[in-house]
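Worksheet: the structure to be examined is printed underneath.
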There are 2 protein chains.
Amino acid sequence: MDSFDKEILKILQKNNLTPQRDIGETIGLSPAAVQRRVKRMREEGIIKHDISILERETLGNPVTLIVEVFLESEQIDLIDETKKSFVSCSAVQQCYYVTGESDFVLIIVAKSMADYEKLTRELFFANKNVKRFRTVVAMGVEKLGLNIPITL
Amino acid sequence: MDSFDKEILKILQKNNLTPQRDIGETIGLSPAAVQRRVKRMREEGIIKHDISILERETLGNPVTLIVEVFLESEQIDLIDETKKSFVSCSAVQQCYYVTGESDFVLIIVAKSMADYEKLTRELFFANKNVKRFRTVVAMGVEKLGLNIPITL
DNA sequence: CCATAAATGAAACAAAATTGCAAATTCACC
DNA sequence: GGTGAATTTGCAATTTTGTTTCATTTATGG
């Protein structure tokens, strides 16, 4: 992985519909060379996914919540089970397994607070291993991206 | 926005390189019709961005942190200023303006803890309006996406 | 310094996206 | 329910983009 690759990645993580011709011109490489590098990086998994980012509000999910989850037991199989229930929930955008007082931090989207309240029953109250959870309501999503700082 | 649009979005937010022909076959519409709908939704901003998601680890940003920031003053201009400094920082992946005890929640990536420590000086210690902050270290990123639940 | 391997650019090729147009569908109004 | 306008559709032609081929160049190891 050289600096050409990194420059390509910098462009793709901003806009992955950029034509390879344009990328080539920008970084000084032929379209074919760009094509081969992109293909390789997809195969190697450096490029994990290619997705469209949608507007949450228009699609009926205007509420964002940040939830800190505290578990009862730190037994590995119990943790795994709980983890699975979080990850498989489509409302859960992100799930972090964390150190400190709490065990998980979740980023969740919901149609409404009532909708979220319903979700907490499934996700937390129904789970014996969840001791307690603390919800923080996002009034505004000021930045939302997965852009990684890439140093050449 | 009808159920065709929603089906298209469901596909694109998983993989935006899916050929329009495939999308058309799946949902029962001609490639041209799909193309026009996608174009419209891009123009309307329902599709906000099209990006590649990269592997953080390979690109030298293996550390993820969740930070709760408590401000000194709730004055709107001071908040805005602080917000700007967070949003413009490339290590900050997400910035939420929140209710409750704290004022902001940030998701931050870093090369190392030492790197993060350096970042805290710029971002928090250098800012007079930051009263205190609480850092939670992510041991594992179990789920990381921006997939919105779309109901037809 | 040579031989080998890897990466490149140019051109041909294939696949996908985009556009023009006539037919079909939907919608608002009577 | 019927009628006309507006919208949306599918098909086919066109254009753009992505992919492969191949000869050449550049880098690598002995």
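The sequence lines fix the lettering, A, B, ..., with proteins before strands; numbering per chain opens at 1.
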Give the table of side-chain donor-acceptor pairs shorter than 3.5 Å for residues 23-34 of chain B, with sequence neighbours excluded, one pair per line with atom names and distance.
from, atom 1, to, atom 2, distance (Å)
B:Thr26, OG1, B:Asp22, O, 2.9
B:Ser30, OG, B:Ala33, N, 3.2

Under 3.5 Å, side-chain donor or acceptor atoms of residues 91-100 of chain A against the rest of the protein: list the pairs with distances, not counting sequence neighbours.
from, atom 1, to, atom 2, distance (Å)
A:Gln93, NE2, B:Asn147, O, 2.4
A:Gln94, OE1, A:Tyr96, OH, 2.6
A:Gln94, OE1, B:Gln94, NE2, 3.1
A:Gln94, NE2, B:Gln94, OE1, 3.0
A:Thr99, OG1, B:Val137, O, 3.4

Roughly how many Å is it from CG in B:Asp50 to P in D:dT17, rounded to a whole number? 15 Å
Atom CE of B:Met41 to atom P of C:dA17: distance rounded to whole Å? 14 Å
Got a sec: does the CD of A:Glu81 have more than 12 other heavy atoms crowding it under 6.0 Å? no
B/S/- along nucleotides 5-10 of chain C (protein heavy atoms under 4.0 Å) is ---BBB
A:Ile47 CD1 to D:dG18 P, straight-line distance once rounded to whole Å: 13 Å
I'd like to know if A:Arg37 pairs up with A:Asp2 as an ion pair, taking the criterion as any Lys NZ or Arg NE/NH1/NH2 lying under 4.0 Å from an Asp or Glu carboxylate oxygen. yes
Taking the six-membered ring for Trp and the full ring for Phe, Tyr or His, determine whether the centres of A:Phe86 and A:Phe104 are under 6.0 Å apart. yes
Distance, rounded to the nearest Å, where A:Leu17 contributes CG and C:dT18 contributes C1': 14 Å
Output the rounded distance in Å from CD (B:Glu25) to C1' (C:dA17). 16 Å
OP1, OP2 of C:dT18 versus side-chain N and O of B:Gln20: anything below 4.0 Å? yes
Nearest whole Å is fine: how far is D:dG18 P from A:Ile23 CD1? 8 Å
Just N and O in the side chain of A:Gln35: are any of them under 4.0 Å from OP1 or OP2 of D:dT19? yes
Point-to-point distance, once rounded to the nearest 0.5 Å, from NE2 of A:His49 to CG of A:Leu146: 11.0 Å
